[in-house]
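Right, one structure below, let's go through it.
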Amino acid sequence: MANIFEDFQKTSKTQFESAAATTQSFVKGLQAIAAETTEYTKNSMESATAFLEKLLAIRSPDLAIQLQSEYAKDSYADFEALATKLGQLYSDLAKEAFKPIETLQGVNS
């Protein structure tokens, strides 16, 4: 009877540690995603403000169209880089979140 209780206690402790590790890695992943998104938003706002200032100073429609085209191209490139980075961060988040569960499955097998 004591052996069954010890096994139950050991399994419970292992599961709790696994859940705690999963939670910690999940939170770290979400923090990295939030930091990346915040940085992108900050840079995007700065870029939009600089674009607007330049646009207001231009008197020629041709130069305005050229400036707008450059801004759109740069904005798209920045967004594409963000999407790639976020995709990698979400992938890493999923891998890290399931790592303790995979370890637990190996222990219980």
Side-chain angles (χ1 to χ4, degrees):
M1 185 69 157
N3 192 21
I4 293 172
F5 180 72
E6 288 174 6
D7 287 344
F8 176 74
Q9 190 175 21
K10 182 179 177 183
T11 302
S12 296
K13 181 181 178 187
T14 303
Q15 289 176 346
F16 177 77
E17 289 171 353
S18 177
T22 300
T23 302
Q24 287 176 346
S25 65
F26 191 75
V27 168
K28 286 179 185 177
L30 289 178
Q31 287 174 338
I33 290 167
E36 196 67 37
T37 304
T38 301
E39 185 66 26
Y40 170 77
T41 302
K42 178 184 161 201
N43 291 340
S44 179
M45 292 299 293
E46 289 173 357
S47 176
T49 302
F51 164 71
L52 187 58
E53 289 173 357
K54 289 178 186 177
L55 187 62
L56 292 174
I58 292 177
R59 299 290 179 217
S60 167
D62 292 339
L63 290 176
I65 291 171
Q66 180 183 356
L67 181 66
Q68 196 279 331
S69 295
E70 291 172 5
Y71 173 73
K73 182 177 146 185
D74 292 343
S75 293
Y76 180 77
D78 291 345
F79 177 75
E80 188 176 20
L82 173 72
T84 301
K85 180 71 175 178
L86 287 180
Q88 184 62 44
L89 288 172
Y90 276 110
S91 176
D92 293 346
L93 175 66
K95 288 175 189 173
E96 287 297 316
F98 286 108
K99 208 178 268 187
I101 295 170
E102 291 171 355
T103 304
L104 183 60
Q105 287 176 346
V107 169
N108 288 336
S109 296

Q.
Nearest 0.5 angstrom please: Thr49 OG1 to Glu53 CD, how far?
A. 6.5 Å
Q. Taking Ser69 for the side chain and Ile65 for the main chain, is one N or O donor matched with an acceptor at less than 3.5 Å?
A. yes
Q | Same apolar cluster (I L V M F W Y, side chains within < 4.5 Å links), Phe26/Ile33 | A | yes
Q) Any side-chain heavy atom of Tyr71 sitting closer than 4.5 Å to one from Lys54? A) no
Q: Would you kindly confirm whether Leu55 and Leu63 end up in one hydrophobic cluster when ILVMFWY residues are joined by side chain heavy atoms under 4.5 Å apart?
A: yes
Q) Between atom CD of Glu80 and atom OG1 of Thr84, what is the distance when rounded to the nearest 0.5 Å? A) 6.0 Å
**Q.** Which atom of Ala64 lies closest to which atom of Ile58, heavy atoms considered
**A.** N-CG2, 3.7 Å
Q. Are Leu89 and Phe79 connected in the hydrophobic side-chain network, where two residues link if heavy atoms are under 4.5 Å apart?
A. yes
Q) From Gln68 CD over to Ser75 OG, what is the distance, rounded to the nearest 0.5 angstrom? A) 9.0 Å
Q.
Could you measure the distance from the CG atom of Leu93 to the NZ atom of Lys28? Nearest 0.5 Å is fine.
A. 12.5 Å
Q.
Can you confirm whether Asp78 sits close enough to Asn43 that some side-chain heavy atom of one is under 4.5 Å from a side-chain heavy atom of the other?
A. no
Q: For Gln66 and Asp62, run side-chain hydrogen bond (donor to acceptor under 3.5 Å, both in side chains): C-alpha distance rounded to whole Å, both residues' side-chain angles, the deciding distance at 0.1 Å, then the answer.
A: CA-CA 6 Å; Gln66 180 183 356; Asp62 292 339; over 6 Å; no
